[in-house]
Amino acid sequence: MAYLTLKNINKIYPNGYHAVHNFNLEIEKGEFVVFVGPSGCGKSTTLRMIAGLEDISNGDFLINGKRANEMGPREREVAMVFQSYALYPQMTVYDNIAFGLTLQGVDEEVIEKRVQKTAKILGLTDYLDRLPRALSGGQRQRVAIGRAIIRKVGIFLMDEPLSNLDAKQRVTMRYEIAQIHRETGATTIYVTHDQTEAMTLADRIVVMKDGYVQQIGTPYELYYKPANVFVAGFIGEPPMNFVRGTVKNGCIALGDNALDLSRKLKDIARYEGKELVLGFRPEAIALGAQDGYVVNCRVELTEMLGDNTNVYVTSKEQQAILKVDSHDTPETDADITFTIPLESVYLFDAETENVIA
Ligand code: ADP
């Protein structure tokens, strides 16, 4: 039996807005699950329904197989970390971390031990006497995490916990959150709009859009086997290139190039005259003419990122981004050839946007 079960969960706000549609998910104990999607897609609403901070309009939420829709947040044994940290400004780091235990009337000595242990995990030992205002953003977020993990609850919920940090701090905290999860083994549900955070932290990712789940899978599955155009374009940086076109004589046009789709899909004949979307990832190409779809194009711009370079190319108004080894960066305005290996080509139905090959 799964630890947490969400069965056909829906959220309709009092103003009639249907924010979450038929959300289904089973979460195992100890799993790290990330809800990802653009702003407004219903991630926080779903998390808040799990936390007990928001009513579930319909559907069932089960903890250990027991219906939990009507349980209060305390009974659910959840701890939540918010984007805003929500620290008590007049309390020291020690008191902020200890707060939940103090409220529960836990013995002072036990509290002391647990605060010290938590502070050690989070690298806050030297800051216990400070007030939050004397801490950096990253340190404040650590205190907020400490306050949550010290309670040893079953479910750890995090809503965009890194969004107030700068890019460097985010990378460090991401690593620390992964370490904390490894050490505590707590079942974690983490909300973010950042696909890199989702990919790096998650055991499983739930991709959402407009209140609907688009796909649930491991980072590997979402990257290599996207279910539709949305997931394919959302996961991966720079995003997947898409070429929309009508199938003519079994081919789709990419600029000046006719790509023979029968090499990818045996029964391409049934799509003759229909519109398809062909996708390929910027990093999945090889420069030069090799085995696969060979494409001729012109280099518009290059962006050096270190070991690799983004190359913006066009072919007859159609644009694509290629990610190449910086040592192989072509000149701007050069005419170049690249190859998309067949196994790196995705085909989507243009109408449903679902993957077909
Ligand atoms: P996300 O976390 O993915 O950014 P939210 O779950 O916060 O999205 O919101 C999902 C949708 O529900 C948004 O369109 C938002 O405007 C709407 N929404 C959120 N809270 C309320 C509310 N209290 N009343 C009405 N609509 C709301």
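Just so you know, ligand 1 is whichever comes first in the structure, and atom 1 is the first atom listed for that ligand.
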Q: Determine the interplanar angle of the Y224 and Y220 rings, folded into 0 to 90°, and report it as parallel if under 30°, tilted if 30 to 60°, perpendicular if over 60°.
A: tilted
Q. Any idea how F242 and F348 line up, ring-wise: parallel (<30°), tilted (30 to 60°), or perpendicular (>60°)?
A. perpendicular
Q) For residues D349 and N354, is any side-chain donor paired with an opposing acceptor at under 3.5 Å? A) no
Nearest protein heavy atom with distance in Å, relative to [atom]:
{"atom": "atom 7 (O) of ligand 1", "answer": "S44 CB, 3.7 Å"}
{"atom": "atom 13 (C) of ligand 1", "answer": "G40 O, 3.7 Å"}
{"atom": "atom 19 (C) of ligand 1", "answer": "Y13 CE1, 3.5 Å"}

Q. Does atom 24 (N) of ligand 1 have a protein heavy-atom neighbour under 4.0 Å away?
A. yes
Q) Under 4.0 Å from atom 15 (C) of ligand 1, is there any protein heavy atom? A) no
State the atoms of ligand 1, each with its element, that fall below the 4.0 Å cut-off from a heavy-atom position in [X].
{"X": "Y17", "result": "11 (C), 12 (O), 14 (O), 17 (C)"}
{"X": "C41", "result": "1 (P), 3 (O), 8 (O)"}
{"X": "N15", "result": "25 (C)"}

Q) Do other residues, nucleotides or ligands put more than 12 heavy atoms under 6.0 Å from the CD atom of E343? A) yes
Q) Taking everything shown except E331 itself, do over 12 heavy atoms lie less than 6.0 Å from its CD? A) no
Q: Tell me whether the guanidinium CZ or amine NZ of K11 lies under 6.0 angstrom from the six-membered ring centre of Y13 and within 45° of its axis.
A: yes
Q: Compute the minimum heavy-atom distance from G37 to ligand 1 and say whether it is under 4.0 Å.
A: no
Q: Could you pull out, from V36, T45, D159, I12, the option with a heavy atom nearest to atom 9 (O) of ligand 1?
A: T45
(Q) Are F35 and F23 an aromatic pair, judged by ring center distance below 6.0 Å? (A) yes
